[in-house]
Asker: 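Below is a structure I'd like to ask you about.
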Amino acid sequence: MAELVRVRKKHLQMPISRLRCMIKQLEEKEVDFEDLKKNLDYTASLLEAVYIDGTRPGLDAEDDLQKLHSDGVPTEVTDWLASTFTQRARRPARRSDDKPKFRSIVHAVQAGIFVERMFRRAYTAAMPDQPAAVVNCLRDIDRWNFDVFALNTVCHDHALQTLFLELVTRYELNSRFKIPISCLMSFLEKLEKGYSKHSNPYHSSVHAADVTQTLHCLLLRTGLVHWLTELEVLASLFAAAIHDYEHTGTTNNFHIHTKSDFALIYNDRSVQESHHISAAFRLLQDDQANIFTNLSREEWMELRALVIEMVLATDMSSHLVQVKAIKGCLQQQEGVDKPKALSLLLHTADISHPSKPWGLHSRWTKALMDEFFRQVS
Ligand SMILES: Nc1nc2c(ncn2[C@@H]2O[C@H](COP(=O)(O)O)[C@@H](O)[C@H]2O)c(=O)[nH]1
Ligand SMILES: [Zn+2]
């Protein structure tokens, strides 16, 4: 058993470093984005295949790499896959007309992840193609200096829809959780509409898009994304996207002191945040917009609890309590409380604009000042 683990660990080192290399190329725009993305996706599938098949005895390398070519994977990648996942490197170099072999992976694809990929196709096929200008903007999606205003311009005020769709697709959450594309589109349309209800200069769908992208950037750049389950990633992105849904453009104190309906409904406690969550979850009551329709009951309960905790923690009045709690967590041996850590991350993304490039920060500050002045007048 220990030997098997050692061998598999050894075989996985190469693909891991190659994957990192591909990601670097992607970041540095040295290669065609779409090709690289496709290759990464395919490689991930094969890694899955090796993982699944690695638990079975009698692996050999007898099948046809030609099948991989049918997916448009370049020769360097198939060569690397073959040399990494088969014994081919120890054999004499093949003649150019020989077909490289590896039955184990193909078997695993056919037996194990084939069905999964069928689902992926079914749940990604209808993803809308984006115009070149949008694709160009989205190239910076992993960066701290990502310009959400520029994205909003090129996608005609639909930055939130575009960004959420892009991230859900990138993390393959649509295939993992079988999110129907029509529901996703419908949900995002309603979400954006809710954000424009009060025509807020600051608390708009662009702010929601900004916070969602910033949270993604934090998860990715810190490596925290590897610590999370796919459900936690989905919950985090969802929480970021909805966190100010139907914001009234006024503060919680304003609601409390004016004895607004929201203040009365939520008993003066995290008045706005409670409404954002409640109203956003209400959108899912419509079957046509229920993006979580295929989640199991357990998944749904876990996601809902996490989203509620994260969005409630965007209430600025919980800032000091949160900082204290996370400091306490970090001093303990037992490890960090995930919902608390994710809540702090969302809160961080929510107030991150002062740490962004000046052009972005000054636009956000102006928008916030406009909103504050509107409340006063
Ligand atoms: N004094 C400042 N306050 C800021 C700034 N950026 C944001 N904010 C405030 O934080 C909350 C964030 O919570 P939200 O969920 O409502 O977005 C926001 O309401 C602002 O009041 C800033 O640069 N300076
Ligand atoms: Zn916010």
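Computed over heavy atoms, backbone and side chain alike; hydrogens, waters and symmetry mates excluded. Both ligands and their constituent atoms are indexed starting at 1 by order of listing.
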Asker: Going by the atom numbers of ligand 1, which of them fall below 4.0 Å from some non-hydrogen atom of Ile351?
Answerer: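 Every atom of ligand 1 under 4.0 Å from some heavy atom of Ile351: 10 (O), 12 (C).
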Asker: Which part of Trp364 is near ligand 1, with near meaning a heavy atom under 4.0 Å away: side chain, backbone, both or neither?
Answerer: neither
Asker: Does any N, O or S atom of His207, backbone or side chain, fall under 2.8 Å from the Zn ion (ligand 2)?
Answerer: yes
Asker: If you consider just the N/O/S atoms, which atom of Asp244 is the closest one to the Zn ion (ligand 2)?
Answerer: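 Closest to the Zn ion (ligand 2) among those atoms: OD2.
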Asker: Identify, by atom number and element, the atoms of ligand 1 in contact range of Tyr202, meaning under 4.0 Å from any of its heavy atoms.
Answerer: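 Reading through ligand 1 atom by atom, the close ones are 6 (N), 7 (C).
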Asker: What do the steps show when you test Thr214 against Trp144 for side chain to side chain contact (heavy atoms under 4.5 Å, CB included), and what is the final call?
Answerer: CA-CA 7 Å; Thr214 306; Trp144 193 248; 3.4 Å; yes
Asker: Taking atom 11 (C) of ligand 1 as the point of reference, which of His276, Met316, His247 owns the nearest heavy atom?
Answerer: Met316
Asker: Got an N/O contact under 3.5 Å between His361 and ligand 1?
Answerer: no
Asker: So for Gln272, does at least one of its heavy atoms come nearer than 4.0 angstrom to any atom of ligand 1?
Answerer: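 Gln272 does not count as a contact of ligand 1 under the 4.0 Å cut-off.
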Asker: Under the criterion ring pair (Phe, Tyr, Trp, His ring centres under 6.0 Å), I'd like the reasoning laid out for Phe177 against Trp300: C-alpha separation, chi angles, the key distance, then a yes or no.
Answerer: CA-CA 11 Å; Phe177 295 104; Trp300 161 254; over 10 Å; no
Asker: Could you identify the single nearest non-hydrogen protein atom to atom 21 (O) of ligand 1 and state the distance to 0.1 Å?
Answerer: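 Protein heavy atom with the smallest distance to atom 21 (O) of ligand 1: Phe372 CZ, 3.5 Å.
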Asker: Regarding His243, does it place an N, O or S atom less than 2.8 Å from the Zn ion (ligand 2)?
Answerer: yes
Asker: Which atom, counting only N, O or S, brings Asp350 closest to the Zn ion (ligand 2)?
Answerer: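 When I compare the N, O and S atoms of Asp350, OD1 is nearest to the Zn ion (ligand 2).
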Asker: Indicate whether the side chain of His353 and that of Asp210 have a donor and an acceptor atom separated by less than 3.5 Å.
Answerer: no
Asker: Please report the shortest heavy-atom distance between Leu191 and Ala241, naming the atom on each side.
Answerer: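 That closest heavy-atom pairing would be CD2-O, 3.8 Å.
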Asker: Under 4.0 Å from ligand 1, counting heavy atoms only, is it the side chain of Val211, its backbone, both or neither?
Answerer: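 The answer is neither.
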Asker: Identify the protein heavy atom lying closest to atom 3 (N) of ligand 1, giving its residue, its atom name and the separation to 0.1 Å.
Answerer: Leu368 CD2, 4.0 Å
Asker: Please could you name the atoms of ligand 1 that His203 approaches to less than 4.0 Å, counting only its heavy atoms?
Answerer: 14 (P), 16 (O), 17 (O), 18 (C), 19 (O)
Asker: Heavy atoms only: which of His243, His353, His207 is nearest to atom 6 (N) of ligand 1?
Answerer: His353
Asker: Out of Arg282, Lys190, Lys197, Lys193, which residue meets the salt bridge (charged side-chain N to carboxylate O under 4.0 Å, His left out) rule with Glu246?
Answerer: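 When Arg282, Lys190, Lys197, Lys193 are each tested with Glu246, the salt bridge (charged side-chain N to carboxylate O under 4.0 Å, His left out) holds only for Lys197.
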Asker: Going by the order shown, which atoms of ligand 1 are within less than 4.0 Å of some heavy atom of Pro354?
Answerer: 23 (O)
Asker: Compute whether any side-chain donor of one residue and acceptor of the other, for Thr251 and Asn253, lie under 3.5 angstrom apart.
Answerer: no
Asker: Hey, mind stepping through Trp358 and His361 against ring pair (Phe, Tyr, Trp, His ring centres under 6.0 Å) and telling me if it holds?
Answerer: CA-CA 5 Å; Trp358 175 254; His361 171 51; 5.8 Å; yes
Asker: Under 4.0 Å from atom 1 (N) of ligand 1, can you find at least one protein heavy atom?
Answerer: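 False for atom 1 (N) of ligand 1.
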Asker: Mind checking whether Asn252 and Arg269 have side chains closer than 4.5 Å, heavy atoms only?
Answerer: no
Asker: Decide side-chain hydrogen bond (donor to acceptor under 3.5 Å, both in side chains) for His276 and His243; before the verdict, give the C-alpha distance in whole Å, the side-chain angles of both, and the deciding distance to 0.1 Å.
Answerer: CA-CA 6 Å; His276 307 321; His243 87 280; over 6 Å; no
Asker: Please say which of Phe164, Phe238, Phe292, Tyr245 ends up in a ring pair (Phe, Tyr, Trp, His ring centres under 6.0 Å) with Phe187.
Answerer: Phe238
Asker: For atom 12 (C) of ligand 1, what is the nearest protein heavy atom, given as residue, atom name and distance?
Answerer: Asp350 OD2, 3.6 Å
Asker: Side-chain heavy atoms nearer than 4.5 Å, only ILVMFWY residues, links allowed to pass through others: does that put Ile351 and Leu215 together?
Answerer: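 Different clusters: Ile351 never reaches Leu215 through Ile, Leu, Val, Met, Phe, Trp or Tyr contacts under 4.5 Å.
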